Amino acid sequence: MRSATISLAILATCLGGCNGGTADAPTKASESSTADARSPDGRRYLAQPLVDEIYTADPSAHVFDGKLYVYPSHDIDAGIADDDLGNQYAMRDYRVLRIDRPGGPVTVGPVALDIKDVPWASQQMWAPDAAYKDGTYYLYFPARDKSKDKNGLGAFRIGVATSKDPMGPFVADPSYIPGSFSMDPAVFTDDDGASYMYFGGIWGGQLQRWKDGVYDPNGSDTDLKQDDAPAISGKVVRMSADMKHFAGPVRDAVILDEQGKPVKGGDHDRRFFEASWVFKRDGKYYYTYSTGDTHFVNYAIGDSPFGPFTYKGHILAPVQGWTSHHSIVQWNGKWWLFYHDTQLSGKNHLRSVKMTELKFNPDGTIPTIDPFVP
Ligand code: FUB
């Protein structure tokens with residue numbers, strides 16, 4: 001069991017020379033290699049990685065008992081070249097980050113769940129999320145099951161694991177959540193205590209293979225190639241009281257344009273790709289997501305946790321690296337955006353989690369954040 005604390009203050013001034021670490025862990029930065037770090041095209045970064053001991057991605061942030069916990073993917077280098085199926089994202093375990101106060105040190109927890117302890121999973125522990133209810137912490141995670149599709153790969157399913165400690169270790173249920181499919185689970189709990197899981201992703205996330213409600217192992221590796229039809233929607237489902245089952249039908253989280261029509265499949269700047277995250281502010285539900293191949297994090301607003309949600313704009317402009325995946329949480333009176341980029345590695349599958357303050361306009365809209373500063 002390993003844990004470590006890293007000072008955010010040191011990180012803020014030390015990351016310019018963090019490249020050159022070993023395959024699975026970035027090299028510790030030195031203070032002389034500074035906040036002047038530049039991207040390959042010469043831009044300075046808005047924020048610095050929260051940790052440089054391990055690579056972390058897909059941050060799902062939660063406040064439990066006043067402390068901030070981040071449930072990220074734990075990126076590793078399996079030596080697999082980039083492809084559209086996402087084979088290069090070959091993660092095998094999870095580790096939780098904890099920050100006790102804004103600007104304070106970040107604790108990197110020990111292994112919280114290892115794929116070897118998940119009986120149904122074959123590979124690829126992708127973007128997780130967590131929830132708390134009645135003294136138990138729930139870790140939700142996607143992984144491929146043991147079936148074989150036309151590429152010899154399993155279908156993505158969503159598992160659940162529990163712990164009495166938000167840092168874990170978590171114990172996985174022997175099977176995935178019945179009826180679950182695809183990836184990127186995000187669980188939102190409403191003011192009345194009801195919880196909802198948002199999930200799904202196209203391309204490597206396989207949502208396009210579930211278009212008739214049944215998995216097609218020979219289906220498309222990308223999307224449905226129907227640019228003028230309504231885009232494939234992310235999914236939403238109410239969770240059962242035990243937080244381990246779906247309590248109702250899986251529904252589409254539909255994104256509407258300004259005319260009230262579903263965003264189309266060919267509208268890659270606005271259509272859903274992956275990385276659902278929902279939060280509530282002033283009685284409105286903000287459905288946020290990544291556009292994948294156009295690299296935005298977008299938001300749409302609705303009046304119900306089931307949607308529909310009306311498209312509003314970009315929250316985050318493209319970061320360095322192919323994927324963009326985020327979460328948004330209120331902590332100590334401010335709203336925070338957690339996101340990732342490839343500052344420390346320059347490689348799409350070796351990412352680092354960052355955080356920055358998120359602001360709102362008086363009308364509830366969100367000014368777009370540029371992950372680079374002039
Ligand atoms: O980390 C693996 C995958 O990359 C996630 O599930 C996606 O959201 C993307 O960030």
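Since the model is a prediction, treat every value here as computed from it, not as a measurement. All ligand and atom numbering here is 1-based and tracks the order in the structure.
Salt-bridge formation is detected for the pair Asp100/Arg98: a Lys NZ or Arg NE/NH1/NH2 atom is positioned less than 4.0 Å from an Asp or Glu carboxylate oxygen.
Between the NZ atom in Lys244 and the NZ atom in Lys133 there is a gap of 12.5 Å [rounded to 0.5 Å].
Close contacts of ligand 1 with Ala127, meaning ligand atoms under 4.0 Å from a residue heavy atom, involve 6 (O). Residue Met183 approaches ligand 1 through these ligand atoms, each under 4.0 Å from one of its heavy atoms: 6 (O). When each atom of ligand 1 is checked for a heavy atom of Met91 under 4.0 Å away, the hits are 1 (O), 2 (C).
Among the atoms of His325, some N or O lies under 3.5 angstrom from an N or O of ligand 1.
Side-chain contact of Arg209 with Tyr215: a donor-acceptor pair under 3.5 Å is present, judged by distance alone. No donor-acceptor contact under 3.5 angstrom links the side chains of His314 and Asp269, judged on distance only.
The nearest heavy-atom contact from the protein to atom 9 (C) of ligand 1 is Glu274 OE2, 3.3 Å. Atom 10 (O) of ligand 1 has Asp58 OD1, 2.6 Å as its closest protein atom, hydrogens excluded (heavy atom only).
At least one heavy atom of Arg351 sits closer than 4.0 Å to an atom of ligand 1.
Taking the ring centroids of Tyr198 and Tyr289, they lie at or beyond the 6.0 Å cut-off.
The closest side-chain heavy-atom distance from Ile177 to Met197 is below 4.5 Å.
Around the NZ atom of Lys150, the shell of radius 6.0 Å holds more than 12 heavy atoms that belong to other residues, nucleotides or ligands.
When Asp184, Thr323, Asn348 are checked for heavy-atom proximity to atom 6 (O) of ligand 1, Asp184 turns out nearest.
Using a 4.0 Å cut-off between heavy atoms, His349 makes no contact with ligand 1 at all.
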